[in-house]
Q: 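Pasting a structure below so you can have a look.
These values consider heavy atoms only, across backbone and side chains, with no hydrogens, waters or symmetry-generated copies. First listed ligand is number 1; within each ligand, the first listed atom is number 1.
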Amino acid sequence: MKSKHYDVFVIGSGIAGQTVAKLCSENGLSVAISDNRAFGGTCANRGCDPKKILLQFSDLAHKSNQLTGLGIKKAPKISWKDVQSFKKKFTKKIPKGTENSLSDLGISMYHQSPKFIANNKVEVEGKHVTADYFVIATGKIPRPLNIEGHKFLKVSDDVLNLKKVPKSAIFIGAGYIGLEFAYMLSVLGCKVTILQKDSEALSQFDSFLVEKLVKSLKTKGVEFIFNVDVKSIEKLKKNFKVNYDSEGTLKSIKSRQVFNTSGRIPAIEELDLSLASIEANDTGVEVDFYLQSTTNPLVYACGDVSSKSLPLTPLSGLQGYIVAHNIIKEKSKKFENPLVPSNVFTQPNLASVGYSESEAKKRYKNIKIYQGDVSHWFNAKKSNEDAYAYKILVNERTDEIVGAHILSPEANETINILTLAINNKITVSALKKHIFTYPSYTNDLKTMLKD
Ligand SMILES: Cc1cc2nc3c(=O)[nH]c(=O)nc-3n(C[C@H](O)[C@H](O)[C@H](O)COP(=O)(O)OP(=O)(O)OC[C@H]3O[C@@H](n4cnc5c(N)ncnc54)[C@H](O)[C@@H]3O)c2cc1C
Ligand SMILES: NC(=O)c1ccc[n+]([C@@H]2O[C@H](COP(=O)([O-])OP(=O)(O)OC[C@H]3O[C@@H](n4cnc5c(N)ncnc54)[C@H](O)[C@@H]3O)[C@@H](O)[C@H]2O)c1
């Protein structure tokens with residue numbers, strides 16, 4: 001068998017892997033990168049970006065629904081076929097564009113999953129490849145649901161590629177992906193039901209705001225069934241039947257499509273990590289603060305697949321950057337849990353940054369809570385929105401914001417202002433001195449923070 005050696009071998013060509021490969025190559029190292037799917041990773045090919053392209057049409061439909069009878073006479077007719085073609089204009093270019101940008105830097109490419117055969121050796125495309133460092137950046141994949149009929153389940157990739165909006169759909173799991181897609185299809189006329197295993201959706205978010213989001217999604221036609229244990233799926237003539245246990249009673253529900261949105265797990269199965277002494281579990285490849293494997297120092301892991309990441313694109317990029325620096329100069333950069341805003345792209349958006357109420361109360365002696373339902377404020381009223389609310393947590397001693405949680409049509413943007421404020425320790429009184437545009441959701445922050 002042929003053999004080959006590189007300074008760095010990266011597995012996975014998403015934002016994390018690409019960042020490592022490019023930085024290492026730009027710093028004079030010989031680099032190879034492999035992917036067993038189209039190059040470019042989840043976010044650009046089958047995640048954030050195509051999702052946002054599709055969602056904007058649902059946002060348009062939603063906005064028009066809100067204003068029907070108030071100026072809108074007829075809702076815009078959306079051609080899903082054209083929407084899909086528009087989306088493909090973006091996604092189609094990603095794999096080739098990614099490969100070109102890597103080959104321009106002289107990076108070698110492999111189109112297969114490598115398998116570790118020793119601590120510093122993989123087998124890939126019929127070659128034995130050794131490297132000074134291996135980087136695992138393989139991301140996450142949908143969590144398999146081991147139930148009867150699981151083969152009928154579709155996943156997020158399938159939602160993004162739907163040829164038409166189905167008449168009805170069931171989502172198993174009320175997390176980010178379930179809620180965003182449930183909202184997306186529901187406002188386009190699909191009858192959506194969400195089956196959630198416990199008593200609340202989006203458990204990572206503030207329950208005061210999640211309740212309001214759930215209520216708002218219900219008015220858009222999304223049905224929520226909580227505390228269910230999904231047992232099996234059957235194929236009928238046109239529909240699928242999902243059988244589930246609801247507090248001791250066996251029930252069933254039918255729909256045209258059933259999507260598994262019950263979470264994502266590290267993509268490590270194909271790598272034979274144990275043959276290279278690499279420790280990994282449900283949270284990912286075990287790494288220290290340098291993102292170096294705790295059990296094999298020749299290996300780093302970054303992005304969604306690392307045990308130290310939250311599965312969000314900006315964090316994967318940051319981790320790739322850190323790994324590249326540590327390869328170029330050993331232990332030169334640490335991953336020190338940065339402040340990470342995140343947003344659920346439903347309408348309204350649910351956004352969050354910093355501590356939750358319970359975390360803040362544990363960490364600080366006196367927390368001041370600014371909280372309210374402000375659906376009666378001008379910004380919400382002008383577009384006939386039914387939900388607008390917030391919870392902002394302030395350390396009373398320093399007057400600094402330590403956590404912010406916003407439910408509003410533009411929370412994905414407003415949360416960035418709050419991120420800036422927290423990162424720069426801007427006090428509430430200093431923030432209120434700024435002049436912001438009017439009318440704007442950012443300007444509302446000043447009223448939210450009134451005593
Ligand atoms: C539907 C959806 C919507 C999302 N929306 C958002 C959003 O709005 N905002 C946000 O911040 N995040 C969002 N995310 C999460 C975001 O996509 C990820 O956090 C990000 O893409 C992770 O980047 P990564 O480089 O770590 O992994 P990935 O982008 O997943 O890249 C990993 C690469 O490794 C490859 N790979 C896997 N196994 C192997 C193997 N054995 N051998 C070789 N290659 C392999 C994969 O094919 C892939 O190309 C979304 C995710 C999904 C699924
Ligand atoms: N807007 C964004 O930034 C965005 C969007 C999509 C995904 N993401 C990232 O991707 C990650 C994965 O998202 P996700 O939605 O797949 O996972 P998630 O962890 O957010 O949600 C999974 C949901 O499924 C539920 N669940 C689990 N098993 C179940 C079962 N057997 N039956 C019914 N419900 C079940 C969980 O309780 C949870 O509510 C997120 O954590 C996020 O970091 C981010």
Q: Measuring from Asp157:CG to Leu162:CG, what's the distance to the nearest 0.5 Å?
A: 11.0 Å
Q: Assess whether a salt bridge exists between Lys197 and Asp229, defined as any Lys/Arg side-chain N lying under 4.0 Å from an Asp/Glu carboxylate O.
A: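 Salt bridge flag = no for Asp229 with Lys197.
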Q: Report all N/O contacts between ligand 1 and the protein shorter than 3.5 Å as a table of atom names and distances to 0.1 Å; if there are none, say 'none'.
A:
{"unit_1": "ligand 1", "atom_1": "5 (N)", "unit_2": "Lys51", "atom_2": "NZ", "d": "2.9"}
{"unit_1": "ligand 1", "atom_1": "8 (O)", "unit_2": "Lys51", "atom_2": "NZ", "d": "2.5"}
{"unit_1": "ligand 1", "atom_1": "11 (O)", "unit_2": "Thr313", "atom_2": "N", "d": "2.9"}
{"unit_1": "ligand 1", "atom_1": "19 (O)", "unit_2": "Asp304", "atom_2": "OD1", "d": "2.8"}
{"unit_1": "ligand 1", "atom_1": "19 (O)", "unit_2": "Asp304", "atom_2": "OD2", "d": "3.2"}
{"unit_1": "ligand 1", "atom_1": "19 (O)", "unit_2": "Pro311", "atom_2": "O", "d": "3.4"}
{"unit_1": "ligand 1", "atom_1": "19 (O)", "unit_2": "Leu312", "atom_2": "N", "d": "3.2"}
{"unit_1": "ligand 1", "atom_1": "19 (O)", "unit_2": "Thr313", "atom_2": "N", "d": "3.4"}
{"unit_1": "ligand 1", "atom_1": "21 (O)", "unit_2": "Cys43", "atom_2": "N", "d": "3.3"}
{"unit_1": "ligand 1", "atom_1": "23 (O)", "unit_2": "Ser316", "atom_2": "OG", "d": "3.3"}
{"unit_1": "ligand 1", "atom_1": "25 (O)", "unit_2": "Ile15", "atom_2": "N", "d": "3.1"}
{"unit_1": "ligand 1", "atom_1": "25 (O)", "unit_2": "Ala16", "atom_2": "N", "d": "3.0"}
{"unit_1": "ligand 1", "atom_1": "26 (O)", "unit_2": "Asp304", "atom_2": "N", "d": "2.9"}
{"unit_1": "ligand 1", "atom_1": "26 (O)", "unit_2": "Ser316", "atom_2": "OG", "d": "3.1"}
{"unit_1": "ligand 1", "atom_1": "29 (O)", "unit_2": "Thr42", "atom_2": "N", "d": "2.8"}
{"unit_1": "ligand 1", "atom_1": "30 (O)", "unit_2": "Thr42", "atom_2": "OG1", "d": "2.5"}
{"unit_1": "ligand 1", "atom_1": "41 (N)", "unit_2": "Ser113", "atom_2": "OG", "d": "2.9"}
{"unit_1": "ligand 1", "atom_1": "42 (N)", "unit_2": "Ser113", "atom_2": "OG", "d": "3.4"}
{"unit_1": "ligand 1", "atom_1": "44 (N)", "unit_2": "Asn36", "atom_2": "N", "d": "3.3"}
{"unit_1": "ligand 1", "atom_1": "44 (N)", "unit_2": "Asn36", "atom_2": "OD1", "d": "3.4"}
{"unit_1": "ligand 1", "atom_1": "47 (O)", "unit_2": "Asp35", "atom_2": "OD1", "d": "2.7"}
{"unit_1": "ligand 1", "atom_1": "47 (O)", "unit_2": "Arg46", "atom_2": "NH2", "d": "3.3"}
{"unit_1": "ligand 1", "atom_1": "49 (O)", "unit_2": "Asp35", "atom_2": "OD1", "d": "3.4"}
{"unit_1": "ligand 1", "atom_1": "49 (O)", "unit_2": "Asp35", "atom_2": "OD2", "d": "2.6"}

Q: List ligand 2's nitrogen or oxygen atoms that come under 3.5 Å of a protein nitrogen or oxygen, with the partner atom and distance.
A:
{"unit_1": "ligand 2", "atom_1": "1 (N)", "unit_2": "Glu180", "atom_2": "OE2", "d": "2.8"}
{"unit_1": "ligand 2", "atom_1": "1 (N)", "unit_2": "Asn343", "atom_2": "O", "d": "2.7"}
{"unit_1": "ligand 2", "atom_1": "15 (O)", "unit_2": "Tyr176", "atom_2": "N", "d": "3.2"}
{"unit_1": "ligand 2", "atom_1": "15 (O)", "unit_2": "Ile177", "atom_2": "N", "d": "2.8"}
{"unit_1": "ligand 2", "atom_1": "20 (O)", "unit_2": "Tyr176", "atom_2": "N", "d": "3.4"}
{"unit_1": "ligand 2", "atom_1": "20 (O)", "unit_2": "Gln204", "atom_2": "NE2", "d": "3.4"}
{"unit_1": "ligand 2", "atom_1": "34 (N)", "unit_2": "Lys197", "atom_2": "N", "d": "3.2"}
{"unit_1": "ligand 2", "atom_1": "37 (O)", "unit_2": "Gln196", "atom_2": "NE2", "d": "2.9"}
{"unit_1": "ligand 2", "atom_1": "39 (O)", "unit_2": "Gln196", "atom_2": "OE1", "d": "3.3"}
{"unit_1": "ligand 2", "atom_1": "39 (O)", "unit_2": "Gln196", "atom_2": "NE2", "d": "3.2"}
{"unit_1": "ligand 2", "atom_1": "43 (O)", "unit_2": "Pro311", "atom_2": "O", "d": "2.8"}

Q: Please determine, by modelled atom types, if Asn326 and Gln292 share a side-chain donor-acceptor pair under 3.5 angstrom.
A: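 No, because no side-chain N or O of Asn326 sits under 3.5 Å from a partner of the opposite role on Gln292.
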Q: Measure the CZ-OG1 distance between Phe171 and Thr261 for me, rounded to the nearest 0.5 Å.
A: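 Separation between the atoms: 6.5 Å.
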Q: With no hydrogens and no angle check, just 3.5 Å: does a side-chain donor-acceptor pair link Lys220 and Asn65?
A: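 No, no side-chain donor-acceptor contact under 3.5 Å.
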Q: Going by the rule side chain to side chain donor-acceptor pair (under 3.5 Å), which residues pair with Lys167 if we only count those two or more places apart in sequence or in a different chain?
A: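 Here no residue qualifies.
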Q: Go through the structure and list residues passing disulfide bond (SG atoms under 2.5 Å apart) with Cys43, not counting sequence neighbours.
A: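 Once residues adjacent in sequence are excluded, the partners of Cys43 under the disulfide bond (SG atoms under 2.5 Å apart) criterion are Cys48.
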Q: Does a side-chain N-to-carboxylate-O contact under 4.0 Å join Lys218 and Asp386?
A: no
Q: Within the 3.5 Å criterion, strictly below it, is a donor on Glu385 or Ser375 matched to an acceptor on the partner's side chain?
A: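 No - no donor-acceptor pair under 3.5 Å links their side chains.
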